[in-house]
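Following: one structure in structure tokens, then a few remarks.
Nothing here was measured: the structure is a model prediction, and the numbers come from that model. Just follow the structure's listing: the first ligand is 1, and inside any ligand the first atom is 1.
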Amino acid sequence: MSALGIDYGGTHTKLLLVDEGGAVLSRETVPTGTLAELGASVRRFLETASVAAQSFAVTVAGTLDPSTGVVRRSANLPWLDGVAPAEVLSELLGIPGVAVQDGEAGAIAEARFGAGRGSDEVFVIVLGTGIAGAHVLSGSVQRGAHGGAGEVGHVPVADNGVTCSCGQVGCLETAIGGQQVGLRWRDRGAENQDASAQDVVAAAASGDEAAVAVLDDAARALGRAILNVSALVDPALIVVGGGVSRSPEWTVEPAVAYARENATFHVVPELRLASLGVWAGAHGAAAVAADTFVGARAQAHRP
Ligand SMILES: [Zn+2]
């Protein structure tokens, strides 16, 4: 039995075929197109790999009704709105499939096969433009009763007085979201009007005091969020990924130090950086396909 993971990204789509033990049989990156184009790409990929896939899972960048597989809204792939992509692809490919939210797929992969490997209770935080979180217990994401669990980006932990896109003030995302870091630098007088988090890190490294202060605020907010996660979930391990974590000496490391210094009753768990990189979503999707249609976990999965 082999399972296909499809990570349907905004510009590129990753195809990953794994065997029943989870070992990678073949992988390919193709340009993102419509579902019909994706179906054609997958057929070509499977022909070249000359292995039949028994099932697939496709990631959705956006909100998804997990009970029906219908996409509520996808900002990057608007042709998916109101569509059940796994159903459409299943007809095109002639094999059963399921849709999975992209952040959930990435978190499953990191928890099971990446930095979280060996831990049964992992909390994954992805520091991107937005901030995603997922509590992964025994390899499955705990979605909560209404699908809203894990929203660590929207816990108010910053003293910056900034109103978040969600309407609250001082959410973690306002302090350490990719674009938000640049905006906080601008708030402190930087001339660069559309700085990225990387620009702020570069400025801090060359001694820009405003940039240092912005990253200090960001790290303290992340440290408070780590304490909140510890208090509410008490995971064995926290895994942090995403673009903003690529300069951990300015973000993740001082955040952990802050959390340890300010912990009272909390048990601050070990924190590791995500390890699977850009293939995490595809690995997670392949695992979801195997779980859903084979029923057995891909325990020996080797990325
Ligand atoms: Zn918010």
Distance-only donor-acceptor pairs under 3.5 Å for side chains of residues 249-258, two or more places apart:
from, atom 1, to, atom 2, distance (Å)
Thr251, OG1, Val244, O, 3.3
Thr251, OG1, Ser247, O, 3.1
Tyr258, OH, Arg224, NE, 3.2

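Within a 6.0 Å radius of CD in Glu121, other residues, nucleotides and ligands contribute more than 12 heavy atoms.
Near the Zn ion (ligand 1), less than 2.8 Å away, sit the protein N, O or S atoms His154 ND1, Cys164 SG, Cys166 SG, Cys171 SG.
No side-chain N or O of Ser2 forms a donor-acceptor pair with one of Asp19 less than 3.5 Å apart. Side-chain contact of Thr32 with Thr13: a donor-acceptor pair under 3.5 Å is present, judged by distance alone.
Evaluation of the side chain to side chain contact (heavy atoms under 4.5 Å, CB included) rule for Leu172 yields Ile131, Val152, Val157, Ile176, Ala221, Leu222, Ala225 as partners, not counting sequence neighbours. For Ser230, there are no side-chain hydrogen bond (donor to acceptor under 3.5 Å, both in side chains) partners, not counting sequence neighbours.
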